[in-house]
Amino acid sequence: MEDLLNNAKQHLCMRNPKLIRIGLRQVESIVYHVAKPSHDDKIPREIFLKLQDSPLYNSTTPCIYALDSLLEYQQNEEAYEKNFQFIQKLIDDLLHVIEGLVLIHPKSQTLFEDKATLRLFIHLLQPSQPSMLQVAAMKTLVCIMADRPLAIRLFEQINGLQQICVVFKHKQTSQDTRFQILEFFYFYLSPEPYSIDVIAYRKTRTEKQAYLSKYLSNVQGLRDDLDKFQPFGKLDETFD
Amino acid sequence: MYPLNANSYTLLRKLGSGSFGVVWKARENVSGDIIAIKQIDLETGIDDITDIEQEVFMLSNCNSSNVIQYYGCFVDGYTLWILMEHMDGGSVSGLLKMGRLNEQVISIILREVLYGLNYLHGQNKIHRDIKAANILLSSSTGNVKLADFGVAAQLSNAASRRHTFVGTPFWMAPEVIQQTSYGLAADIWSLGITAIEMANGIPPRATMHPMRVIFEIPQSEPPKLDDHFSPTFRDFVSCCLDLNPNMRWSAKELLQHPFIKSAGTVKDIIPLLVQKENKLFDDSDQSVLEETINNTLKPFEEPIAEGNADIEDWTFETVKKSDSTVLGNTSIPKNSIISSQNKEELPSSIKYLEKTIMSDQATPHPFSKSLSEKGSSYHKSLTSDFAMKHYIKSTIRSMLLNDKLSATQRSSLESFYTSFISLDKNLSSKFVNQITPDNRLHHKKQKRSPISQLLFSRWLEETEKRRSLNG
């Protein structure tokens, strides 16, 4: 497994979309087999998680690097125009794999507690981006922020919430994107975990509601819907 | 017909409110006429109301006994006022709060709504928001009228949707959700859903998240009424709820449906509305009863306050003696009403104080009785707050006994004590909670939140879908 992870890492760091795709397929294959419910051997999963703890073998790091290079490639209008469908699909797949990596290996979420990394999502959340990528970005944001108040605070600091509201209200924004943003709002307005590690960065639901209300009307309506329909199940509001 | 300025009206009572609109019962000051006024906040970004004025003018020309009359509109500051007919019986939605409706009543309401729809559709107007909440009743005549259609609904929905996209999808037709071009048949779907709403008390999928509802409606089989209802009623609903708009019956056709043709007169609805008003009166009595219950809790504060001096003095003396072994060695009696959870959470000195409070023979019986009635949460809240506050007081007092304290420090401590005493119950409770060490902060193995677990299972599902596409 070490060799495969290393090989994937090398491909992902090549700054060449076709090689990135090869590397991504390699990571995706490993992650899927490790993640799927199995009655068989649990050892590969344990090995994978141990390797992910190591900076040398962590897979999320090269994926972030690949995301950065693909977004840079997207800025090159001439090259991008020829391959834009391929690039868009690749970014979408990459974001999906990143979701899996952080959900399986929560420590990898800490890699996103960084403004420069979070800004990659601001790039994806422009009204001019295709809906497919906007949706993928919103999904991935929820995954990297789940249980991580610091990532949420940093995203606020780079005006991420404001940007999401801009996209939400933009006339050209598709219904798919709006639904996904709506789910993000429900996530954002949910209670944050309460532990010694994150208490310094924690905000209550009321505080977040007030913050979001700066950019969005009727946040109380969202809050009421969240409480009534419980899209994430029953919420633990003990500490809010 | 009615003046178009705010000063001409007196707002009497709020009838209802949505995301961006409030509806008032109001009186026109000159004639004394009672009307309904819908107020919509224009700060949400609607720039020009010329179109709105034109449409309200068109609505003013609606002349059907089954459609609410619109009288006009104007802007007052940043608020759009829309003047409408008032219906004193409230909405069918309000009626449903008393319980489900029987088929006889449902058939009457549906017929009257169909008359209104037939009229609107004859003028090529789509209502767009048919549901029980938008069907209004007259308690004197039993008349049934459609409300909140055309500009009033579109404006509210547009304003709401523009910002939050939180709407009410339960009554939406599949083609509306898919945003294909839709027409009069969308109202027929909503009417079918409303029929189910009246029969069951809630629309189909009411307990499902609206986002999921929006995805499910176009993909699922149309909802049905179950076998408890008559075959003609079930057939009526099926005629409304076809996924293909072209296959749905029109309002005109539905008026000929056997379920509708056998409906009774609107006067049959009046007794229900009388019951509804009586129910409201009963509810008022209930609220008075609740106040009585609340009042009975107040006397308990005095006995505690009376006992407070004794408790303080006693504890004061104990601390003065510096007899720490007593605090440390005290055990909780087996018959103590302090729960095991409390034992784990509270510092030992607090347990000691609570034991004292609970074992005091002077504790009045009504207090214990009240605890059993209200449950342990009330007990925990009251005794914990009281004990914690008392603990802080006694701590400060014991510090003041220190002879080595400098004059400055003593003065500061006295000021702190005075300030703390002056905090109200809520604030002192919050303060104490914030400074109390919390064991739950230090869980070594933090369980993943339900959100993460949900996200993971969804990710896995989507991964399998992608792999099958790529493979």
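Chain A is the first sequence line, chain B the second, and so forth, proteins listed ahead of strands; every chain is numbered from 1.
- The closest side-chain donor-acceptor pair between A/E183 and A/Q180 falls under 3.5 angstrom.
- For B/L454, the part lying near chain A is the side chain, with the backbone staying farther off; criterion is any non-hydrogen pair under 4.5 Å.
- The greatest number of non-hydrogen atom pairs below 4.5 Å with chain B, out of A/A146, A/S29, A/A35, is found for A/A35.
- Neither the backbone nor the side chain of A/E192 has a heavy atom closer than 4.5 Å to any heavy atom of chain B.
- Side chains of A/Q52 and A/S108: a donor-acceptor N/O pair is absent below 3.5 angstrom, by distance only.
- Looking at A/K171, neither its backbone nor its side chain comes within 4.5 Å of chain B, counting heavy atoms on both sides.
- Relative to the ring axis of B/F170, B/K131 does not place its NZ or CZ within 45° and under 6.0 Å from the centre.
- In summary, B/K465 and B/E462 do not engage in a salt bridge, as defined by a charged side-chain N under 4.0 Å from a carboxylate O.
- When heavy atoms are compared at a cutoff of 4.5 Å, A/D92 approaches chain B by way of both its backbone and its side chain.
- Using a 4.5 Å cut-off between heavy atoms, A/V102 contacts chain B through its backbone alone, with no side-chain atom that close.
- Residues satisfying the side-chain contact (heavy atoms from CB on, under 4.5 Å) test with B/S93, not counting sequence neighbours, are B/S91, B/A132, B/A133.
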